[in-house]
Q: 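A single structure is presented below for examination.
Sequence lines set the chain letters: A, B, ... in the order given, protein chains first and strands last, and positions in each chain run from 1. As the structure is a prediction and not an experimental result, all values here were calculated from the model.
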Amino acid sequence: MDIDLNALLETYRKNPFEDHVLQSVHTGIITFKVQEDQEVHGPEGKWHQKPGTLLYQLERENNIKKIYSPCSGTIIDLRRDLNGSFTEAGVDLMSIRHRLDKDEVIDRILRDVLILFTAPQRARYLLSPEFAVKIEKQGQPSIQPGDEPIIMSLMKRDTNLVYSSTPGVIYKVYFQQGALVEEGAPLLGICQEENLSYIQQVVNKIKTEWE
Amino acid sequence: MKERILIANRGEIAIRIMQACEALGLDHVVVYTPEDRYSMHVRMAAKAFQIASYKDPNDIFEVADHAKCTAIHPGYGFFSENFRFARRAAMRSRPVRFIGPRWEVIRDLGSKINTKKVAKDLGIPVIPGTDRPIYNEIEAEGIAEWLFLLQKEQGVTHPSILVKASAGGGGMGIEEVNHLNTFRRVYRRIQSYSKRQFGDEGVLIEQCLRDYHHLEVQLVCSQHSEISHFGTRNCTIQSTGRQKRVEVAPGFDPDYCTYPFNAQKVLERIVAYSVKMAKHVQYDNVGTWEWVVTRDGNPYLLEVNTRIQVENGISARIARIKGTDGYPNIVKEQIRVAFGDRLGYSQEDISFSGTSIELRIVAEDARRGFKPWCGAITRFAPYQADWVNVHTHIPPDLSYFIPTEYDPNLALAIIWGQNTAEAVERAHIFIKNTQIEGKDSHDQTIITNLPYLQEKLNDVLKF
């Protein structure tokens, strides 16, 4: 399981940005709180308890809902023309040009190294109660073929997904409980136990070399 | 001011509500989520607003205010049986009419638990089991043990119980337990499912009846204490997930098959019980009383659906109202009575003619546990005749991707015949001549339940 880590790092060095398009999360009267080209920051604190920069407010039924920046970066493509108007849910409002940090680069590169257990359908996914407890208690529990680590909630029906690849440990969970995941997107990143040290080397190298 | 209705639902029911509004000369607007942007309910609407979710009341009320709506029609599912939503509509600073019963009635009957209590008080038979949600595992296991013992005393050879999400509906969140030692696992699973899907982990436990038919009584009531019924329906043919697939009106037909009991008497009994309960709670809109009838002819009240039912069309299709042309439209009746209209007819003015069958066409694999099929419909060509109405939200002119967020329902076909035999024969013709084409993301051909429906047509109304 060798990867050309230097080449991968070089790719990210050349373009260390990702644009996050933000859409109105609800319907309501919108009031922007940021300007084009403004630098914003994402949530901070151990549990992300400190919200990011206030991006906009939505007023619905005389109630204000504040929407904060999910990540750091620069505001681009701001739809200033919508300010003060009734806006439907799902409308593109702005983008944040976000510079990847060290952990995010590690996360992206590890997707090329780990065995990925991907979403078979566009659906909502949950960790099975058994694996949720294991992950909480053990951090990186082992997984065997035949295990049912994930519940797929599709069209209101729950199905247990069976893991059928090589035995290993669950190194990374890529989804939030109950979140909608696109078909083919990774759900779990699994590492064979004998490769754990190699993964650690990759992580250490990125930590050292990424500024 | 002209009334304007916000249709807070999706798919075929949104279209049927839209058509009813147009027939009544009412303005309407619809809401939709991104997944539904290509649905016909959006394309047919004069005005459509995108919202985050059909379950987001704030978005819905905001659209209602922005579009100057005077009423909200909840359709079925979503907020249709949510008394808090109905109460909020009535009591907010800019009230909007909720098209459904009064919120107090929804509160009292919208929950299976309250319904059971009211029914017991009125001497209406209910299925043995809990009459309140259970949150405690030890207590739940005690009840399960009692229900298994009860069945042993009754001489039931294969006793079982049902564990249900108390806040659930539409057949979702129900599992059967055959042995007490597997109860806890199922209880925990339903509790977790219920909390996720309905926000409440309360669970109901009741005796699982076998060898029964699932019947319904359709009532239409007004705010002027008028109560009429539009007969009975038989909804026994259901998927393994207890979701209805074929419905028939009337509920039994002794001219079509024989019953081990006096079928006409049973139908009269469940209608009388339903009307009695509706009178007691001063029911004031459309509603469905759901029953199970066992082989010995005993009816048990299951629940009351305080909303328009998917299968309302078959009750309408066999009904005639004296002095009016054609058959009635129960969605129209619902809107009329919600605006305070009198019914304008009595029970004596309602007559019934023939048999109507509803086929629920769903993209699912009936041979594999009714597994939903996900993909794009490239062609939907239902058979057309003057004896069938098809309700669908699938666009006829473009490829339509079935949203994975909702049930994979494709269409409803409402078929009429002068008698049950003719209705069944016509349903067979409809299925044979209906064409549905589509592919999933792996280029596999669409799977629908049409073969299952065809097979099950032979069983309709038969015990």
Q: Just so I understand: if I count every heavy-atom pair under 4.5 Å between each of B:Gly369, B:Ser53, B:Pro372, B:Ser441 and chain A, which residue has the most?
A: B:Pro372
Q: Pick from A:Ala89, A:Ser24, A:Gly28, A:Ala123: which one has the most heavy-atom pairs with chain B under 4.5 Å?
A: A:Ala89
Q: Sort B:Arg88 into side chain, backbone, both or neither according to what part of it lies under 4.5 angstrom from a heavy atom of chain A.
A: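 Only the side chain of B:Arg88 comes within 4.5 Å of chain A.
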Q: With only heavy atoms counted, which part of B:Gln197 is less than 4.5 Å from chain A, the side chain, the backbone, both or neither?
A: side chain
Q: Calculate, to the nearest 0.5 Å, the distance between atoms CZ and CD1 belonging to B:Arg245 and B:Ile361 respectively.
A: 11.5 Å
Q: Quick check on B:Arg188 against chain A: is it the side chain, the backbone, both or neither that has a heavy atom closer than 4.5 Å?
A: neither
Q: At a 4.5 Å cut-off on heavy atoms, which part of B:Phe49 comes close to chain A: side chain, backbone, both, or neither?
A: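 Both parts, heavy atoms under 4.5 Å.
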Q: Need one label for A:Glu59: side chain, backbone, both or neither, based on atoms under 4.5 Å from any heavy atom in chain B.
A: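 Backbone only.
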Q: By the definition side-chain hydrogen bond (donor to acceptor under 3.5 Å, both in side chains), identify the one residue from A:Glu39, A:Gln38, A:Arg97, A:Arg99 that meets it with A:Thr74.
A: A:Glu39
Q: Measure distances from A:Ser153 to the heavy atoms of chain B and classify the residue's part below 4.5 Å as side chain, backbone, both or neither.
A: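 Only the side chain of A:Ser153 comes within 4.5 Å of chain B.
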Q: Could you tell me which portion of B:Pro34 (side chain, backbone, both or neither) has an atom closer than 4.5 angstrom to a non-hydrogen atom of chain A?
A: neither
Q: Between A:Arg79 and A:Asp92 (salt bridge meaning N to carboxylate O under 4.0 Å), is one present in this structure?
A: no
Q: Quick one: what part of B:Ala67 sits under 4.5 Å from any heavy atom of chain A, side chain, backbone, both or neither?
A: neither
Q: Side chain, backbone, both or neither: which part of A:Leu58 has a heavy atom under 4.5 Å from chain B?
A: neither
Q: Checking heavy atoms, do the side chain of B:Phe370, its backbone, both or neither come under 4.5 Å from chain A?
A: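 Interface part for B:Phe370: backbone (N, CA, C, O).
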Q: B:Phe401 versus chain A, heavy atoms under 4.5 Å apart: side chain, backbone, both or neither?
A: neither
Q: Out of curiosity, B:Glu62 CD to A:Thr87 OG1, how far, rounded to the nearest 0.5 Å?
A: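 Spacing of CD (B:Glu62) from OG1 (A:Thr87) equals 10.0 Å.
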Q: Closer than 4.0 angstrom, basic N to acidic O: yes or no for A:Arg108 and A:Glu18?
A: yes
Q: Can you tell which part of B:Arg189 gets under 4.5 Å to a heavy atom of chain A, answering side chain, backbone, both or neither?
A: neither
Q: With a 6.0 Å cut-off on ring centres, are B:Phe61 and B:Phe85 close enough?
A: yes
Q: Below 4.5 Å from any heavy atom of chain B, which atoms of A:Glu61 appear? Answer side chain, backbone, both or neither.
A: both
Q: Less than 4.5 Å to any heavy atom of chain A: does that hold for the side chain of B:Asp59, its backbone, both, or neither?
A: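 For B:Asp59, backbone and side chain are both near chain A.
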